[in-house]
Amino acid sequence: MKIAASILVALLALLPVQRLDTAELDRVEDLSESLANDLLALSLAARDRDKQRMAGHFGERVTVHQLPLEAQPAVAKGEWLQSHGWQLEQGWREISRQEMTEALAGVLAHFDSIEDARFKVKQAQFDDPAVSAGTARIKFFIVGRDQHGHREWLVAWANIQAHRVDEEAWQIDRFAVESMTSMVADRDLFSEVALPAGVHARFPDFGVPPNETVVAHGAAVADVNNDGLLDLIATGVERNVLYLNDGAGGFRDVSDQTFVALTRPATGAVFFDADNDGDQDLFLATVGRQMYLENLLVPEGELLFLDRSLEAGVDLEAIGFSVAVADVNNDGRPDVHVASYNRYGLIMPDSWWDARNGTPNLLFINEGQGRFREAGAEWGVRDGRWSYAAAFADIDGDGDQDLYLANDFGQNAMYLNEGDHFRDVAAERGVLDPGNGMGVAFGDFNNDGHLDLHVTNMSSTAGNRILGRLFPQGQSDSPLLKKLASGNSLYQGNGAGGFTDVTQAMGGFSAGWAWGGGFIDVDNDGWEDLYAPNGFISGKTMNDT
């Protein structure tokens with residue numbers, strides 16, 4: 001993953017690391033990525049239960065330790081979760097390629113169906129420059145359903161030794177399992193119903209026109225026709241779609257008849273009653289001119305969204321990636337904040353850790369009568385960082401709406417509302433959260449009545465591999481380096497605007513290339529859980545390795 005490597009090398013050039021051999025770092029990471037890509041091919045073979053393809057990833061003879069034998073009895077871990085370990089074979093022995101393949105197939109046979117299988121290189125070492133052979137610590141998981149139809153997630157760690165047989169292929173000569181455990185859900189909390197519900201859409205793959213840039217897209221829900229049911233808008237690379245809830249578990253596309261189909265493809269979306277007339281209007285953040293659509297349900301009696309962007313004063317240029325709404329001046333009218341990024345790829349950040357050449361964020365103050373005034377500079381939030389997402393909340397409990405801003409390639413902002421301007425207190429409150437900010441959400445995870453903060457970031461397998469080589473015993477005292485690839489953050493609030501970082505105490509949140517997400521009580525037990533969507537394209541071969 002050259003993105004992570006370039007970021008870390010750029011950082012290390014400014015940090016007191018003695019005699020950094022970047023050529024050697026590149027050599028080892030190239031081999032690590034090559035091995036990781038080969039293990040991705042093994043992952044696909046395992047998912048497909050293709051023994052012939054799996055066998056090709058092992059040497060003629062494999063030295064093994066603690067191969068799994070069978071699943072142990074499950075133990076309850078909550079109202080709907082169970083966990084079980086695996087009985088592991090004790091001692092070392094040498095087996096054939098076929099025996100190794102059958103051992104892996106035996107684990108796969110535990111599953112009635114497999115949704116995903118993945119082998120990932122967490123650490124790797126290649127000591128001899130003349131020989132393409134090395135050792136690695138890998139994590140592998142299987143997601144599927146067991147023989148009883150229950151969803152199961154198996155997670156295991158192993159140490160392997162492998163050698164390269166050609167430019168692409170590797171073969172594993174040693175496979176030593178460290179641990180293997182499974183989590184099993186007694187019941188399904190969610191089912192994928194997008195297709196039967198009528199909201200399934202397929203956009204072109206990344207790199208296929210018009211999906212050629214890394215641009216955020218989102219969705220919003222509200223009751224737009226005042227029938228008591230939640231409706232949905234989804235933005236996309238080709239068009240924006242408005243779905244009306246039919247009350248029977250389905251949705252109907254009404255984009256054409258409501259004029260939403262006439263809008264330009266947007267990124268972020270939010271419903272809000274901009275004119276306080278009793279129906280939900282719509283604001284769309286875009287890469288280009290921003291859009292405000294007035295809902296004519298009240299008083300016209302017909303669900304139409306009319307583009308009022310020009311006369312409302314919001315048709316300003318921005319690389320708008322998300323939008324948030326709150327009444328920042330307590331005048332009874334909702335105001336709008338647009339988080340603005342930049343054209344990554346055409347314009348590169350001027351720093352990997354403190355970029356300031358993003359496009360300015362926008363703050364539209366609602367002046368009533370369908371008019372907005374852009375006042376980002378006046379209110380002190382005309383932030384030039386690469387902003388990705390923002391959320392309003394009364395952070396300090398003083399009765400007005402404050403703002404937290406997640407920034408990519410740098411530090412985040414926490415703006416306290418001072419009545420007629422915002423003041424950035426992220427540094428003094430300990431919530432700068434340096435790294436690659438992608439999302440922000442407020443909730444109360446511990447039910448103490450105080451707002452807590454979840455920030456979505458990137459956790460990078462390759463980045464952590466590189467850090468492990470540079471600081472094998474974790475000697476780095478740089479919080480920036482530690483944070484860059486470590487993942488999401490959780491801050492516990494004290495109700496007065498103070499926060500404590502409890503990320504590690506609560507278990508750590510390495511959710512990959514994570515975006516958005518936030519608090520949700522998924523099992524209705526009265527405790528807020530966390531959800532983080534993730535995924536990205538990285539590495540020379542466009543695989544996330």
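Quick note: numbers below take in every heavy atom, side chains included, and nothing from hydrogens, waters or symmetry partners.
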[Y] backbone acceptor or donor facing [X] side chain under 3.5 Å:
X    : Y    : result
N366 : P334 : yes
S255 : V260 : no
Y404 : V431 : yes
D402 : M414 : no
H217 : A266 : yes
D281 : A274 : yes
N295 : Q280 : yes
N245 : L230 : yes
T258 : L303 : no
D408 : W386 : no

Contacts of [X] that satisfy side chain to side chain contact (heavy atoms under 4.5 Å, CB included) - sequence neighbours left out:
X    : answer
S113 : R145
A375 : I365, R373, E378, W379
M506 : F445, L490, V502, F509
D521 : D523, D525, D529

Drop me the distance from [X]'s [atom1] to [Y]'s [atom2], to the nearest 0.5 angstrom.
X    : Y    : atom1 : atom2 : value
H454 : L530 : NE2   : CG    : 4.5 Å
D275 : Q369 : CG    : CD    : 9.5 Å
E152 : I114 : CD    : CD1   : 10.5 Å
D448 : D444 : CG    : CG    : 5.0 Å
M438 : N407 : CE    : CG    : 10.5 Å
W80  : R151 : CH2   : CZ    : 10.5 Å

Checking [X] now: which residues fulfil salt bridge (Lys or Arg N to Asp or Glu O under 4.0 Å) with it, not counting sequence neighbours?
X    : result
D253 : R239
R382 : E374
D354 : R356

Do [X] and [Y] have side chains that approach each other closer than 4.5 Å (heavy atoms only, starting at C-beta)?
X    : Y    : value
L316 : V314 : no
N412 : L432 : no
L296 : E302 : no
L284 : I233 : yes
P209 : P204 : no
F499 : I395 : yes
D335 : H337 : no
L244 : V224 : yes

Pairs touching residues 254-281 that satisfy ring pair (Phe, Tyr, Trp, His ring centres under 6.0 Å), sequence neighbours left out: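 Sorted result for residues 254-281: empty, none.
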
Side chain to side chain donor-acceptor pair (under 3.5 Å) assessment of N488 paired with N457: CA-CA 5 Å; N488 300 349; N457 298 298; 5.1 Å; no

Set of residues satisfying ring-ring contact (aromatic ring centres under 6.0 Å, His included) with respect to [X], sequence neighbours excluded:
X    : value
F372 : Y292
F364 : F283
F305 : none
Y243 : none

Mutual orientation of the aromatic rings belonging to F392 and F422 [parallel < 30°, tilted 30-60°, perpendicular > 60°]: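 Because their plane-to-plane angle lies in the 30° to 60° range, the rings of F392 and F422 count as tilted.
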
Parallel, tilted or perpendicular, as decided by the 30° and 60° cut-offs, for the rings of Y344 and F409: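 Ring orientation of F409 relative to Y344: parallel.
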
Search all heavy atoms of [X] against all heavy atoms of [Y] and return the closest pair with its distance.
X    : Y    : result
D327 : Q401 : O-CG, 4.1 Å
A389 : A339 : N-CB, 4.1 Å
S322 : A390 : OG-N, 3.9 Å

From CA spacing to verdict: side chain to side chain contact (heavy atoms under 4.5 Å, CB included), E317, T359: CA-CA 9 Å; E317 289 281 348; T359 55; over 6 Å; no

Derivation of the side chain to side chain donor-acceptor pair (under 3.5 Å) call for D433 and Y491: CA-CA 10 Å; D433 201 55; Y491 297 95; 2.8 Å; yes

Pairing of D307 and R289 as salt bridge, 4.0 angstrom limit: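 No, no charged N to carboxylate O under 4.0 Å.
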
Steps toward side chain to side chain contact (heavy atoms under 4.5 Å, CB included) verdict (R429, L416): CA-CA 11 Å; R429 303 298 172 96; L416 288 190; 3.5 Å; yes

Working for side chain to side chain contact (heavy atoms under 4.5 Å, CB included), residues L306 and L304: CA-CA 6 Å; L306 194 62; L304 296 173; 5.9 Å; no

N240: which of T263, T286, T267 passes side chain to side chain donor-acceptor pair (under 3.5 Å):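 It is T263, the one option of T263, T286, T267 that forms the side chain to side chain donor-acceptor pair (under 3.5 Å) with N240.
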
CA sep, side-chain torsions, deciding dist, call: V298, D277, side chain to side chain contact (heavy atoms under 4.5 Å, CB included): CA-CA 7 Å; V298 178; D277 66 351; 4.0 Å; yes

